[in-house]
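Following: one structure in structure tokens, then a few remarks.
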Amino acid sequence: MTKLTIGIIGFGVIGQRWAASFAHAGHPVRVYDPINNSADYHKDILPALLADLDALKGVQREPGSIDFFSSVAAALSGVQFVQENGPEKLDLKRKLLAEIEEHIEDDIIIASSSSALLVTEMQSECRNPERVILGHPFNPVHLMPLVEVVGGQATDSENLRKAKAIYEEIGKKVVILNQEVTGHLALRLMGAMWREAIALVREGVATVEDVDRAFIYGPGPKWTLQGSFIANSLNAQNIEDFLVKYGPTYQAIWDTLLDARLDTETIRIVASSTNDAVKERTPETLKAERDAGLIDILKAVAERGAL
């Protein structure tokens with residue numbers, strides 16, 4: 001694919017890692033953020049992000065340039081794709097997307113990284129709403145392959161396919177949603193599992209450590225490689241056979257799933273149990289261990305994953 005000039009608007013943790021991902025694939029990147037210190041990024045953050053990507057992809061590349069600008073207009077001059085990463089505030093998103101439109105050609109796609117807002121609501125003040133899509137990544141963005149793509153009511157479906165190709169060219173794994181839904185796809189799946197996990201801790205069934213251990217050493221490895229449907233189909237002759245054989249068990253579980261409300265007492269119990277599981281390890285240590293482990297896991301998934 002021809003190298004595209006990428007505009008990054010909003011340069012917090014998400015925008016920083018998007019920039020590294022596009023640059024590592026050779027794309028020149030142009031950045032605007034009202035408060036970010038570009039010198040600190042190039043000196044303290046970017047080298048480690050690029051080193052992670054080198055390790056993940058097994059190749060050292062000459063990255064594209066990452067340049068910072070003092071205005072949206074300057075940053076977007078000549079860009080061919082825009083990744084927007086502003087705060088999760090609907091009024092701000094609407095204004096920001098409309099401002100971005102003023103400085104790009106009419107056929108340039110604007111992808112929002114929003115994790116909570118619907119595209120239909122965000123694109124409502126845009127001159128060309130058909131080119132506004134969601135391109136929602138997973139943290140840490142430079143390592144995690146998933147990008148969720150969905151349009152709003154006014155989005156041209158062809159722009160979803162174009163965005164998919166752009167993301168896949170930098171090594172991402174894209175899912176396209178056929179309709180908008182709060183939380184998109186992966187967060188809804190996580191939310192369903194985490195609601196039960198929190199409820200189990202709240203009710204004293206198990207500690208945070210044992211709930212997490214059950215997932216890490218139970219379904220986690222198989223689901224990482226094959227997903228839930230394919231992995232479960234291998235526990236019987238096929239998925240239909242699995243659902244017939246084990247359907248009553250799952251129905252009994254579904255009928256007794258617990259409810260979780262994040263009230264003050266629930267938060268206190270979950271926080272206390274999580275602190276016990278963390279022990280003396282610092283967030284920096286846990287993040288470093290996570291990222292190093294993700295590289296090994298994702299390389300295995302790339303080689304042996306089912307999808």
Side-chain angles (χ1 to χ4, degrees), residues 6-19 21-22 30-36 71-73 75-76 79-139 141 144 146-167 172-195 260-262:
I6 307 296
I8 300 288
I9 304 299
F11 207 62
V13 171
I14 303 298
Q16 292 170 3
R17 283 151 181 77
W18 267 128
S21 299
F22 281 111
R30 299 170 67 88
V31 177
Y32 170 76
D33 188 279
I35 59 175
N36 180 266
S71 68
V72 174
L76 295 180
V79 302
Q80 295 157 295
F81 183 81
V82 180
Q83 189 74 42
E84 174 273 317
N85 314 284
E88 292 283 324
K89 297 178 180 179
L90 181 57
D91 289 346
L92 187 151
K93 289 280 193 187
R94 285 172 171 166
K95 291 183 174 64
L96 180 56
L97 293 175
E99 181 181 4
I100 289 170
E101 275 199 308
E102 296 301 316
H103 306 293
I104 59 176
E105 299 296 327
D106 288 346
D107 60 345
I108 303 302
I109 295 170
I110 306 171
S112 176
S113 297
S114 175
S115 60
L117 302 176
L118 301 180
V119 178
T120 295
E121 296 176 344
M122 291 190 289
Q123 69 187 180
S124 63
E125 296 182 11
C126 288
R127 184 181 72 252
N128 294 318
E130 67 277 1
R131 41 91 165 273
V132 177
I133 70 164
L134 181 91
H136 176 243
F138 236 58
N139 276 317
V141 174
M144 295 299 286
L146 181 66
V147 180
E148 297 172 314
V149 171
V150 65
Q153 291 178 2
T155 301
D156 184 341
S157 60
E158 179 62 22
N159 287 326
L160 303 179
R161 291 187 285 273
K162 290 179 180 178
K164 180 176 186 285
I166 291 170
Y167 289 132
K172 298 300 185 182
K173 297 291 186 179
V174 177
V175 295
I176 295 181
L177 281 70
N178 297 321
Q179 62 187 48
E180 294 178 284
V181 61
T182 300
H184 319 315
L185 184 56
L187 286 179
R188 291 185 71 90
L189 297 173
M190 287 176 58
M193 187 198 75
W194 210 36
R195 183 180 73 173
R261 298 290 173 185
L262 292 178

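Since the structure is predicted, the reported quantities are computational estimates derived from the model, not experimental observations.
Every residue two or more places apart in sequence or in another chain that forms a salt bridge (charged side-chain N to carboxylate O under 4.0 Å, His left out) with Glu101 is listed here: Arg131. Every residue two or more places apart in sequence or in another chain that forms a salt bridge (charged side-chain N to carboxylate O under 4.0 Å, His left out) with Arg261 is listed here: Asp259. With sequence neighbours excluded, the residues that form a side-chain contact (heavy atoms from CB on, under 4.5 Å) with Val13 are Arg17. By the ring-ring contact (aromatic ring centres under 6.0 Å, His included) test, His184 is found to be paired with His136, residues two or more places apart in sequence or in another chain being considered. Residues that satisfy the side chain to side chain donor-acceptor pair (under 3.5 Å) test with Ser114, not counting sequence neighbours, are Glu88. Partners of Arg94 by side chain to side chain donor-acceptor pair (under 3.5 Å), not counting sequence neighbours, listed by chain and number: Ser124. Under the ring-ring contact (aromatic ring centres under 6.0 Å, His included) criterion, Tyr167 pairs with Trp18, Phe81, sequence neighbours left out. Residues that satisfy the side chain to side chain donor-acceptor pair (under 3.5 Å) test with Lys172, not counting sequence neighbours, are absent from this structure. With sequence neighbours excluded, the residues satisfying side-chain contact (heavy atoms from CB on, under 4.5 Å) with Leu146 are Phe138, Glu148, Val175, Ala186. For Glu130, the side-chain contact (heavy atoms from CB on, under 4.5 Å) test picks out Asn128, Asp156, with sequence neighbours left out. Applying the side-chain contact (heavy atoms from CB on, under 4.5 Å) rule to Ser157 yields the partners Arg161; only residues at least two apart in sequence or on another chain are considered.
Residue pairs meeting the salt bridge (charged side-chain N to carboxylate O under 4.0 Å, His left out) criterion with at least one partner in residues 106-128, sequence neighbours excluded, are Glu102-Arg127, Asp106-Arg127.
Using a distance-only test at 3.5 Å, with no hydrogens or angles considered, no donor-acceptor pair links the side chain of Arg30 to the main chain of Val79. No donor-acceptor distance shorter than 3.5 angstrom exists from the side chain of Gln80 to the backbone of Ile108, with no hydrogens or angles considered. Distance alone, capped at 3.5 Å, places no donor-acceptor pair between the Glu84 side chain and the Ser112 backbone.
For Gln83 and Ser113, the side-chain atoms include at least one donor-acceptor pair closer than 3.5 Å.
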